[in-house]
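We use all heavy atoms of the structure for the numbers below, so side chains are in, but hydrogens, waters and symmetry mates are not. Remember, it's a predicted structure, so these values are computed and weren't measured experimentally.
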Amino acid sequence: MAANGIDQEPQSPKDARLTSLDKRLDRLKAEEALKDGRMTTESQRVIRSAGMRILSDLIGLPFGAGLIGWLIDRVAGTTPWVMLAMLFLGFGLAVRSVFRVANNRTGQVPDTKE
């Protein structure tokens, strides 16, 4: 019966009204949560996204820069100076990224392309 679509529920005007009511109810719940100071799922998602971005920058940038510096040191025979310089550069870039995310008041994670 499912192959020909007979058992599917038809879209009646009542269904459209229920859908509209659900949307309004969700919007009112979000407004009420905002009034009470509770976080909505959207704000939780934005905060979680920013946190993951900060964590990945603080770990990835110094590690990646240090790895590139280590490789350059191995080729150039300047151990450990380039690696140390790249570690500091990576850490500086990570701190800059954290400040950019922290100063963003719109709640969106800033794009790295400028």
Side-chain angles (χ1 to χ4, degrees):
M1 296 298 270
N4 59 9
I6 292 175
D7 61 340
Q8 294 179 351
E9 293 183 17
Q11 291 291 332
S12 65
K14 181 181 177 185
D15 292 333
R17 288 184 293 178
L18 284 176
T19 303
S20 173
L21 180 63
D22 284 341
K23 288 179 184 178
R24 287 186 288 166
L25 187 59
D26 289 341
R27 189 178 64 230
L28 287 174
K29 283 181 181 177
E31 289 175 2
E32 190 67 28
L34 187 63
K35 286 180 185 175
D36 292 344
R38 291 180 283 155
M39 289 188 190
T40 62
T41 56
E42 178 64 21
S43 63
Q44 288 175 344
R45 185 193 63 80
V46 169
I47 290 171
R48 187 176 305 125
S49 173
M52 292 301 291
R53 168 77 185 266
I54 289 171
L55 181 65
S56 67
D57 284 350
L58 284 176
I59 293 172
L61 285 172
F63 181 75
L67 182 64
I68 291 170
W70 178 78
L71 290 173
I72 292 172
D73 273 339
R74 298 275 298 182
V75 171
T78 57
T79 305
W81 301 112
V82 177
M83 183 183 74
L84 288 175
M86 293 294 282
L87 276 174
F88 283 113
L89 178 67
F91 184 72
L93 289 173
V95 169
R96 178 179 170 259
S97 178
V98 168
F99 278 119
R100 289 183 62 205
V101 170
N103 288 331
N104 186 2
R105 294 183 190 273
T106 60
Q108 299 295 322
V109 176
D111 192 14
T112 57
K113 301 172 194 167
E114 288 184 359

Exercise answer: donor-acceptor pairs, residues 62-70 side-chain atoms, under 3.5 Å, sequence neighbours excluded:
none

Discussion item. Tell me every residue that passes side-chain contact (heavy atoms from CB on, under 4.5 Å) with Leu58, counting only those two or more places apart in sequence or in another chain.
Written reply: Ile54, Ala94, Val98
Worksheet item: Other than Leu55, what residues sit in its cluster of Ile, Leu, Val, Met, Phe, Trp and Tyr side chains whose heavy atoms are under 4.5 Å apart, directly or through others?
Response: Ile59
Fill in: Listed once per pair and sorted, the side-chain hydrogen bond (donor to acceptor under 3.5 Å, both in side chains) pairs that draw on residues 54-66, sequence neighbours left out
Arg53-Asp57, Asp57-Ser97
Response to the item:
Those residues at least two apart in sequence (or on a different chain) that pass side-chain contact (heavy atoms from CB on, under 4.5 Å) with Thr78 are Asp73, Ala76, Val82
Worksheet item: Would you say Arg100 and Arg96 make side-chain contact, with heavy atoms under 4.5 Å?
Response: yes
Worksheet item: Excluding sequence neighbours, so at least two apart, what forms side-chain contact (heavy atoms from CB on, under 4.5 Å) with Leu89?
Response: Met86, Leu93
Item to complete: Could you walk me through whether Glu31 and Arg27 pass side chain to side chain contact (heavy atoms under 4.5 Å, CB included), step by step?
Response: CA-CA 6 Å; Glu31 289 175 2; Arg27 189 178 64 230; 3.9 Å; yes
Discussion item. My understanding is that a hydrophobic cluster links ILVMFWY residues whose side chain heavy atoms are under 4.5 Å apart, including indirect links. Using that, what else belongs to the cluster containing Phe99?
Written reply: Phe91, Val95
Fill in: Donor-acceptor contact below 3.5 Å, side chain Thr19 vs main chain Asp15
yes
